[in-house]
Structures are given as structure tokens and as C-alpha cells.
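This is a predicted model, so every value here is computed, not measured.
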Amino acid sequence: MASTKDMRRADLAIPYVDPPKTSDEADMSSTMSSTMPMAAMFTRNRMIGWVSFVFSLQSWLAESPDQKKNASTPAYMSVLMSLMALVVTYFPIFLPPQAQGGVAAPAPA
């Protein structure tokens, strides 16, 4: 029959300590939230526009004080940029493009 006594020594246990994050790590969420609105505007793809809006909103809400201090632009600017991308992608619905034919020639007399 096995012994029920715990043979591990509590004084030898080393607690886990999370290593400190360095400030030189690349912030991928910030990079994606600033480049996706541009991709949505260039391709006029509405799905990319909505994904960029959600991604930038998530990046803004999850911003740490250290990221706020070290960022070159505030995170709410990426949210505004993604909103602008949505406006650009939905713009043809409200203001349809003109015909490409140009000016019609006058009728012959």
C-alpha cells in the first residue's frame, strides 16, 4: 500500500515570477490596427473595414499606461482612422459614381 504522506519539501519550492516585459518588443496589435484601415480604404472592402474597426477598438481599450506613454500617436486615432475607412467603403452607396462616358456629343442638326 502506498504512503499518503507528501514527500515534497515546501521550503525548496520556487514560486513562478513572470519575466518583465521589455519596451522594445514590437506591438503587433498596434501595427495591425493602424494598417488595416488603410487596406480597407485601398481595396474598398467592407469586411476589412469592420475588422479594422473592431481590432482598433480592442487595441484602444486594452492599451496599458506604458503603451500610452511610449506611443507616437494615441490609440483613439486608429479608431477614428478605422471609422474613416468604414465611411470610405460605404461612400459609393450614398453617392454613386458617375458614368465613365464623359460629356456626350451634341446631336447632329
Enquirer: Indicate if Met81 and Tyr76 have the same hydrophobic cluster label, given that clusters are the connected sets of ILVMFWY residues with side-chain heavy-atom separations under 4.5 angstrom.
Expert: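 Shared cluster, no.
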Enquirer: Looking at every heavy atom in both Met32 and Pro37, which two are closest together, and how far apart are they?
Expert: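 So the two residues come closest at O-CD, 4.4 Å.
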Enquirer: Show the numbers, then the answer: is there a side chain to side chain contact (heavy atoms under 4.5 Å, CB included) between Thr43 and Ile48?
Expert: CA-CA 9 Å; Thr43 61; Ile48 295 175; 4.0 Å; yes
Enquirer: Evaluate the side-chain proximity of Met36 to Met41: yes if any heavy-atom separation is below 4.5 Å, no if none is.
Expert: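 Counting from C-beta outward, Met41 and Met36 never come under 4.5 Å.
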Enquirer: Decide if atom CG of Leu12 counts as having more than 12 heavy atoms of other residues, nucleotides or ligands within a radius under 6.0 Å.
Expert: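 For Leu12, atom CG is crowded (more than 12 foreign heavy atoms under 6.0 Å).
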Enquirer: Out of curiosity, Arg44 CZ to Phe91 CZ, how far, rounded to the nearest 0.5 Å?
Expert: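 Here the rounded value is 8.5 Å.
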Enquirer: Mind checking whether Met77 and Met84 sit in one hydrophobic cluster, side chains of I, L, V, M, F, W, Y counted as touching below 4.5 Å?
Expert: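 In one cluster with Met77: Met84, no.
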Enquirer: Measuring only between side-chain heavy atoms, which start at C-beta, is Ile93 closer than 4.5 Å to Arg46?
Expert: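 Yes - at least one pair of side-chain heavy atoms lies under 4.5 Å apart.
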Enquirer: Transitively linked via ILVMFWY side-chain contacts under 4.5 Å: Phe94 with Leu86?
Expert: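 Both belong to a single hydrophobic cluster.
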Enquirer: Could you grab the distance from atom CZ of Phe53 to atom CD of Gln58, nearest 0.5 Å is fine?
Expert: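 Reported to 0.5 Å precision, the distance equals 12.0 Å.
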Enquirer: Find the distance between CG (Leu57) and OG (Ser78) and round it off to the nearest 0.5 Å.
Expert: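 Here the interatomic distance stands at 9.0 Å.
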Enquirer: Are Val88 and Met47 connected in the hydrophobic side-chain network, where two residues link if heavy atoms are under 4.5 Å apart?
Expert: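 Cluster IDs for Val88 and Met47 differ.
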Enquirer: Can you confirm whether more than 12 heavy atoms, excluding those of Tyr90, are under 6.0 Å from its OH atom?
Expert: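 Yes, OH of Tyr90 has more than 12 neighbouring heavy atoms, counting only those of other groups under 6.0 Å.
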Enquirer: So, Ser56 and Ser33: side-chain donor and acceptor under 3.5 Å apart, yes or no?
Expert: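 Ser56 vs Ser33: no donor-acceptor pair found between side chains.
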Enquirer: Does the Ser59 side chain pair with the main chain of Phe55, one donor and one acceptor, at a distance under 3.5 Å?
Expert: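 Between the backbone of Phe55 and the side chain of Ser59 there is no qualifying donor-acceptor contact (under 3.5 Å).
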Enquirer: With rounding to the nearest 0.5 Å, note down the distance linking CZ in Arg8 to CG in Asp11.
Expert: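 Going from CZ on Arg8 over to CG on Asp11, the span is 13.0 Å.
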